[in-house]
Amino acid sequence: MKIGLIGDSLTEGRPGVSFYKILKGKYPNEIFINLGKPGETVKSLYNRLSKTTLDTDFDLIFLWIGVNDVYSKLLKVQAQPVSNNREEFEDYYKRIIEWIKAYSKKVIVVTPALVGEKMDSPSNMEIKELAKMVDSIASSYMDISVLDMQQIFSKHLANLECSDYISTNVMTIMKDALFVKKIPRIDKLSKERGLYFTLDGVHMNSKGAEIVADAYGSVIDLIVSNQTIGIQ
């Protein structure tokens with residue numbers, strides 16, 4: 001299968017540990033195309049995609065976008081425009097889906113996961129609302145499925161005493177991306193910050209990346225098994 005991964009820095013794989021690299025290792029016979037770009041919001045992603053023409057069709061595309069529409073509000077510098085309200089978020093999200101549908105047989109939308117590991121924080125309440133919106137948007141399409149990453153991380157964090165650490169200094173985020181690249185160092189810094197699954201409250205450490213890769217992998221396995229049944 002040819003699988004496209006569309007999203008922001010979480011998809012690109014830096015800062016933090018790349019779930020994309022884990023997927024490539026787990027599925028050496030599948031072709032993965034990484035179309036992630038740091039800092040993307042639904043607005044900026046649509047603007048990028050609308051100027052892009054892919055030279056091939058995909059069997060499957062994952063869309064993971066939306067966290068920066070919340071996270072960017074906490075940063076001292078906003079690199080990309082964020083949605084002004086829910087209606088605008090929904091409008092741009094639907095435009096992205098329509099663009100993707102032209103290139104892929106199957107589309108999976110992935111809900112934004114978390115901003116900080118305290119799931120009852122104001123930012124994560126906003127993430128939860130966006131996740132519900134993504135699910136609602138997907139339900140209006142017959143051929144779109146949802147991977148609820150917000151719910152997955154909520155379950156993993158439910159019984160843990162979580163730090164409220166979130167990197168909000170752009171220079172710190174850039175330093176993490178440029179100089180904290182090796183997995184042991186990423187995990188060490190994550191632990192020093194009191195975090196379980198992320199490097200900085202948003203981007204994944206090795207445990208978080210494994211959770212994401214496993215979730216994506218469960219979808220890939222299901223599609224592959226269905227294709228096999230269809231062939232028999």
Side-chain angles (χ1 to χ4, degrees), residues 1-42 44-46 48-68 93 96-114 134 138 141 143-150 152-153 176-177 180-183 186-187 197-199 202-231:
M1 284 199 303
K2 183 165 287 187
I3 302 170
L5 307 175
I6 295 178
D8 48 38
S9 56
L10 289 164
T11 295
E12 190 198 46
R14 64 186 181 97
V17 178
S18 171
F19 78 87
Y20 159 69
K21 291 181 180 179
I22 297 173
L23 278 178
K24 287 206 305 178
K26 288 185 175 182
Y27 298 93
N29 296 324
E30 313 299 346
I31 300 170
F32 291 93
I33 308 296
N34 192 328
L35 298 169
K37 183 180 178 183
E40 293 279 49
T41 62
V42 289
S44 66
L45 177 59
Y46 173 73
R48 172 164 66 98
L49 294 179
S50 65
K51 300 170 186 174
T52 303
T53 301
L54 300 183
D55 59 1
T56 185
D57 288 335
F58 290 82
D59 298 292
L60 170 64
I61 286 181
F62 289 91
L63 169 64
W64 194 14
I65 195 68
V67 70
N68 285 321
Y93 202 97
I96 293 168
I97 287 177
E98 292 299 330
W99 185 93
I100 291 173
K101 279 165 57 68
Y103 290 100
S104 185
K105 297 173 186 174
K106 180 71 176 175
V107 179
I108 306 294
V109 294
V110 185
T111 67
L114 72 172
V134 168
Y141 294 87
D143 52 352
I144 304 288
S145 299
V146 180
L147 177 57
D148 194 341
M149 202 65 72
Q150 193 275 338
I152 289 170
F153 276 94
D176 286 350
V180 187
K181 295 182 177 181
K182 293 185 178 181
I183 291 176
I186 290 169
D187 287 346
F197 303 114
T198 64
L199 168 64
V202 175
H203 304 96
M204 300 300 151
N205 64 16
S206 63
K207 289 181 180 178
E210 284 286 353
I211 289 170
V212 176
D214 286 347
Y216 275 55
S218 66
V219 174
I220 295 169
D221 290 342
L222 182 61
I223 292 172
V224 169
S225 65
N226 286 342
Q227 287 180 343
T228 304
I229 292 170
I231 292 170

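Side chains included, hydrogens not; waters and symmetry mates left out as well; all remaining heavy atoms used.
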Can you check whether I220 reaches L23 side chain to side chain, under 4.5 Å on heavy atoms?
yes

I'd like to know if D187 pairs up with K207 as an ion pair, taking the criterion as any Lys NZ or Arg NE/NH1/NH2 lying under 4.0 Å from an Asp or Glu carboxylate oxygen.
no

Over all atoms of both residues, closest heavy-atom pair of W99 and I6
CZ3-CD1, 4.1 Å

From I97 CD1 over to I144 CD1, what is the distance, rounded to the nearest 0.5 angstrom?
5.0 Å

Anything under 30° is parallel, anything over 60° is perpendicular, the rest tilted; go ahead and classify F19 against Y216.
tilted

Taking the side chain as every heavy atom from C-beta outward, state whether H203 and I186 have any pair of such atoms under 4.5 Å apart.
no

Of all heavy-atom pairs between A213 and I22, which one has the smallest distance, and what is that distance?
CB-CG2, 3.6 Å

Using modelled atom types and a 3.5 Å cut-off, is there a donor and acceptor pairing between side-chain atoms of S104 and backbone atoms of I100?
no

For atom NZ of K26, decide whether the heavy atoms of other residues, nucleotides or ligands shown that lie under 6.0 angstrom number more than 12.
yes

side-chain contact (heavy atoms from CB on, under 4.5 Å) filter on K105, not counting sequence neighbours, yields D59

For residues A215 and S218, report the shortest heavy-atom separation together with the two atoms involved.
O-OG, 2.6 Å

Close side-chain approach of P112 to V134, heavy-atom, < 4.5 Å
yes

Answer yes or no: is there a side-chain heavy-atom contact under 4.5 Å between L35 and T11?
no

More than 12 heavy atoms of other residues, nucleotides or ligands under 6.0 Å from CZ of R14: yes or no?
no

Going from CG on L199 to CG on D176, what distance comes out if it is rounded to the nearest 0.5 angstrom?
4.5 Å

F58: which residues meet the ring-ring contact (aromatic ring centres under 6.0 Å, His included) condition with it, sequence neighbours left out?
none

Can you name the closest pair of heavy atoms from A209 and S18 and give their distance?
CB-C, 4.3 Å

Is there side-chain contact between Y27 and V224, with at least one heavy-atom pair below 4.5 Å?
no

Please lay out, stage by stage, how D148 and T111 fare under the test side-chain hydrogen bond (donor to acceptor under 3.5 Å, both in side chains).
CA-CA 5 Å; D148 194 341; T111 67; 3.1 Å; yes

Distance check, rounded to the nearest 0.5 Å: L60 atom CG versus L5 atom CG?
8.5 Å

Can you give me the closest heavy-atom contact between V212 and M149, atom names plus distance?
CG1-CE, 4.0 Å

Would you give the length of the straight line joining atom CG of L10 to atom CD1 of I65, rounded to the nearest 0.5 angstrom?
9.0 Å

Has K24 got more than 12 heavy atoms of other residues, nucleotides or ligands less than 6.0 Å from its NZ?
no

4.5 Å side-chain heavy-atom contact, T56 and I33:
no

Would you tell me whether E98 and Y141 have side-chain atoms, one donor and one acceptor, within less than 3.5 Å of each other?
yes

Sub-4.5 Å side-chain heavy-atom contact between F62 and I3:
yes

